[in-house]
Amino acid sequence: MSATKESNTETLQQLRQAAEARDPERCQFLLKSLFMEMDFYPALAVVIERAQSFLDTFELYYPDGPFARQILMQMVNTGTAPARLPPEAIRDFQSPGAANYMKALADLARALQQGPLPPRIGYLVSATVNAIMAELVEHYYGCRPEAWSRVREAPEDSLSTQIAYEFWTDEEVALLDTDHWLQVADSIERHWQRQYR
């Protein structure tokens, strides 16, 4: 095993451990380290996989929003993104998870613009985090509309803080969060297996 492959395998294992521990800052740090060791387009593919998993849910909430699918298809088919998101993508998305999802797409688009690699990798990490958060938020608040309204309308008050805490510590949310990060790790490993053949 090469030193690079051995080091990457160890970092990947650390990412899985951070996912199990639900340590978001460590997950992001390790993901950035792993992405920096990958070719850019396989790293992009990992993030697009995460973004695609929420696409159908987003379109259920916004059937008039085919732009999300169009943006992702442009990324998949051409490895490019629009320099600016279309006007209909720049609005207040009120459904649970939708604003996180649009942030993920915006970050993906920024990652595909020309420029130094480290900031572009940073956008890929942010897109991953927001794509995962979109799924968690929708899963929890989609069936709790009153709690979602409260959190949106008064995010700083004590009740909203309590609601947000209950969201983050919910057992199903915790399991989903870990599972999504483990899926990211698995996707990276699949791309490496192809790279190291």
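The first residue of the sequence shown is numbered 1, and numbering continues consecutively from there. Note that the structure is predicted; figures quoted are calculated from it, not measured. The figures here come from the full heavy-atom set of this structure, side chains too, leaving out hydrogens, waters and symmetry mates.
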Return yes when atom CZ of F167 has more than 12 non-hydrogen atoms of other residues, nucleotides or ligands closer than 6.0 Å, and no otherwise. yes
With rounding to the nearest 0.5 Å, note down the distance linking CG in L112 to CD in Q74. 9.0 Å
Interatomic distance, CD1@I121 vs CG@L44, rounded to 0.5 Å, equals 9.0 Å
Same cluster for L175 and Y140 if Ile/Leu/Val/Met/Phe/Trp/Tyr side chains link at under 4.5 Å? no
Cluster link I71 to L60, ILVMFWY, side chain under 4.5 Å: no
May I ask you to test the R110-S126 pair for a side-chain heavy-atom distance under 4.5 Å? no
Closest heavy-atom contact between A104 and A131? CB-N, 3.8 Å
Do the side chains of I132 and V184 get nearer than 4.5 Å, heavy atoms only? yes
Under-4.0 Å salt bridge between E166 and R144: no
Does R150 offer a backbone N or O that forms a donor-acceptor pair with the side chain of S160 under 3.5 Å? yes
Distance to the ring centre below 6.0 angstrom and angle to the axis at most 45 degrees; does that hold for R22 and W181? no
Do you know which two heavy atoms are closest between T9 and W192, and how far apart they sit? N-CZ3, 4.3 Å
Kindly write out the residues that satisfy ring-ring contact (aromatic ring centres under 6.0 Å, His included) with F35, not counting sequence neighbours, or none if the list is empty. none
Quick check against the 3.5 Å criterion: does D177 have a side-chain atom that pairs as donor or acceptor with the backbone of V173? no
Could you list all the ring-ring contact (aromatic ring centres under 6.0 Å, His included) pairs where at least one residue sits in residues 113-132, not counting sequence neighbours? none
N100 and E135, any side-chain heavy atoms less than 4.5 Å apart: no
Quick check against the 3.5 Å criterion: does S187 have a side-chain atom that pairs as donor or acceptor with the backbone of Q183? no
Give a yes or no on whether the backbone of Y41 and the side-chain of D39 come within a donor-acceptor separation of less than 3.5 Å. no
Kindly indicate whether the side chain of L15, heavy atoms from C-beta on, has any atom under 4.5 Å from the side chain of C27. yes
In short, P118 meets M36 closest at the heavy-atom pair CG-CE, 4.1 Å
Hydrogens and angles aside, do Y101 and E138 bring a side-chain donor and acceptor to less than 3.5 Å of each other? no
Is there a side-chain contact between M75 and Q70, using heavy atoms and a 4.5 Å cut-off? no
Could you check whether E20 and T178, counting side-chain N and O atoms only, form a donor-acceptor pair closer than 3.5 Å? no
Measuring from E25:CD to L30:CG, what's the distance to the nearest 0.5 Å? 12.0 Å
Regarding R120 and D107, does a basic nitrogen lie under 4.0 Å from an acidic carboxylate oxygen? no
Inter-residue atom distance Q17.CD - L12.CG, 0.5 Å rounding: 10.5 Å
Does the side chain to side chain contact (heavy atoms under 4.5 Å, CB included) test come out yes or no for V46 and M38, once each step is laid out? CA-CA 11 Å; V46 169; M38 297 174 70; 4.3 Å; yes
To check you understand the geometry: which heavy-atom pair defines the closest contact between Y61 and G142, and what is its length? OH-CA, 4.0 Å
Would you call K32 and E37 a salt bridge, taking side-chain N to carboxylate O under 4.0 Å as the test? no
Just so I know, are the side chains of N130 and F54 near enough to count as touching, which here means a heavy-atom distance under 4.5 Å? no
Report yes or no: does Y62 contribute a side-chain atom to a donor-acceptor pair with the main-chain N or O of S95 at less than 3.5 Å? yes
Heavy-atom closest contact (A43 atom, L124 atom, distance): CB-CD1, 4.0 Å
Checking R50 against S53: is there a side-chain donor and acceptor pair closer than 3.5 Å? yes
Check: Q94 main-chain N/O paired with W148 side-chain donor or acceptor under 3.5 Å: yes
Might you work through the salt bridge (charged side-chain N to carboxylate O under 4.0 Å, His left out) test for R91 and D64, ending with a clear yes or no? CA-CA 13 Å; R91 59 174 158 163; D64 64 332; 3.8 Å; yes
Of the non-hydrogen atoms in A81 and A109, which two are nearest, and what is the gap between them? CB-CA, 3.7 Å
Could you walk me through whether Q52 and R69 satisfy the side chain to side chain contact (heavy atoms under 4.5 Å, CB included) test, starting with their C-alpha distance in whole Å, then the side-chain angles of each, then the deciding distance to 0.1 Å, before giving a yes or no? CA-CA 8 Å; Q52 285 177 319; R69 187 173 297 274; over 6 Å; no
Mind telling me whether F93 and F67 have parallel, tilted or perpendicular rings, with 30° and 60° as the class edges? tilted
Quick one: do L182 and F29 end up in the same hydrophobic cluster if we chain Ile, Leu, Val, Met, Phe, Trp and Tyr together by side-chain heavy atoms under 4.5 Å apart? no
Might you work through the side chain to side chain contact (heavy atoms under 4.5 Å, CB included) test for D23 and Q28, ending with a clear yes or no? CA-CA 9 Å; D23 184 341; Q28 291 173 50; over 6 Å; no
Nearest 0.5 Å, please: how far is CG in L34 from CD in Q14? 9.0 Å
